[in-house]
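Below is one structure, written out as structure tokens, with a few remarks after it.
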Amino acid sequence: MSVNNRKYIVLLGVPGAGKGTQAQLLQDKLGLPQISTGDIFRYNLKNETELGLLAKSYMDKGDLVPDEVTIRMVEDRLQQDDCANGAIMDGFPRNLVQAEAFEKMAAPYGGVSVTPLVSIEDDVAIERITGRRTCRTCGAVYHIKFNPPKQADICDNDGGPLYQRDDDKAETVRNRLYVYYKQTAPLVGYYFAKALLVELDGARPISQVHEELLSLLR
Ligand code: AP5
Ligand code: ZN
């Protein structure tokens, strides 16, 4: 007798796998919001909030922001009206503590629905991250070679300026990959054991990964 079920999709994959790109494409099609903890931290950073300043010291090194701060932030975000049918989680949970906290948040609504793992090799990830450009105003994600905007350095959606994320420098990217393998990769086994994991080949073009995800999620 579950009348309250929501769809919680957790996108997994190394930094640069394409989680944000795919979440942005899925939002409209599925009628669910993208919840990117990285984007929320960057928004706070831009607005110089207390949360943003705290997050900055971790993000600059490529380390995870402390769990209690991150978990509270996600709990708050999930209370908002646009999450009434669920959400596409992009970058959360990111370790076992966060995964267990998220399980509790999702439990009253039928639990986590599915966890697609977008798989790519590390060298592909590095090439993608170093060529990434992000819109300063709307957060849309581009790539100078694989997904360029119509006009260089200008967002197609709103004409906003594109910039390179501070943590997309080569030294920080190496630590982000290390942190992924140490802390986030165990979630692959965690969700596999719950029969929620589906693996996709993320090395294909953006549109092909999108089509596969869509058919899997509909
Ligand atoms: P976050 O913003 O989450 O970064 P990330 O996980 O490292 O992931 P990325 O945004 O780098 O990659 P993505 O998979 O979204 O790839 P994208 O679609 O952009 O986190 C940043 C920091 O915030 C963390 O280091 C941490 O400090 C903190 N943080 C965030 N969440 C946290 C949490 N839960 N707990 C604690 N701390 C947290 O694609 C990459 C590029 O490739 C783009 O240029 C794109 O155009 C291109 N591309 C995408 N798909 C394809 C394709 N199929 N073919 C060719 N190019 C493609
Ligand atoms: Zn924009």
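The figures here come from the full heavy-atom set of this structure, side chains too, leaving out hydrogens, waters and symmetry mates. Every number for a ligand or one of its atoms is a count from 1 in the order of the listing.
Those atoms of ligand 1 with a heavy atom of Thr70 less than 4.0 angstrom away are 33 (C), 34 (N), 35 (N), 36 (C). The distance from ligand 1 to the heavy atoms of Gly202 drops below 4.0 Å at these ligand atoms: 53 (N). For ligand 1, the atoms sitting less than 4.0 Å from at least one non-hydrogen atom of Gln98 are 33 (C), 34 (N), 35 (N), 36 (C), numbered in the order shown with element in parentheses. Listed by number with element, the atoms of ligand 1 under 4.0 angstrom from any heavy atom of Phe146 are 55 (C), 56 (N). For ligand 1, the atoms closer than 4.0 angstrom to any heavy atom of Asp63 are 26 (C), 27 (O). Close approach to Pro205 involves these atoms of ligand 1, each under 4.0 Å from a residue heavy atom: 53 (N). Interface atoms of ligand 1 facing Gly20, defined by a heavy-atom separation under 4.0 Å, are 13 (P), 15 (O), 18 (O). Of all atoms in ligand 1, listed by their number and element, those nearer than 4.0 Å to a heavy atom of Gly91 are 31 (N), 32 (C), 33 (C), 34 (N).
You'll find the side chain of Tyr8 stays beyond 4.5 Å of the side chain of Leu32, heavy atoms only. Side-chain contact between Cys155 and Pro149 is absent, with no heavy atoms from C-beta onward closer than 4.5 Å.
Contacts with ligand 1 closer than 4.0 Å are made by backbone heavy atoms (N, CA, C, O) of Tyr142 only, the side chain lying farther away. The proximity of Val179 to ligand 1, defined as any non-hydrogen pair under 4.0 Å, does not occur for either the backbone or the side chain.
Coordination check, Asp156 versus the Zn ion (ligand 2): failed, since every N/O/S atom of the residue sits at 2.8 Å or beyond.
When the heavy-atom distances from atom 45 (C) of ligand 1 to Thr21, Asp167, Val14 are ranked, the shortest goes to Thr21. Within the set Arg128, Glu127, His143, the minimum heavy-atom distance to atom 52 (C) of ligand 1 is found for Arg128. Nearest to atom 37 (N) of ligand 1 by heavy atom, out of Ile144, Val74, Leu25, Val65, is Val65.
The shortest heavy-atom distance from Arg42 to ligand 1 is under 4.0 Å. For Lys61, the heavy-atom gap to ligand 1 stays at 4.0 angstrom or more. At least one heavy atom of Arg165 sits less than 4.0 Å from an atom of ligand 1.
Looking from atom 23 (O) of ligand 1 to the surrounding protein, the closest heavy atom is Met59 CE, 3.4 Å. Arg94 NH2, 3.3 Å is the protein heavy atom nearest to atom 20 (O) of ligand 1.
Under a 4.0 Å N-O distance rule, the pair Arg136/Asp153 does not qualify as a salt bridge. At a threshold of 4.0 Å, the pair Arg77-Asp82 counts as salt-bridged, since one of the basic side-chain nitrogens sits closer than that to a carboxylate oxygen.
Between the SG atom of Cys155 and the OD1 atom of Asp158, the angle centred on the Zn ion (ligand 2) amounts to 90° when rounded to 10°.
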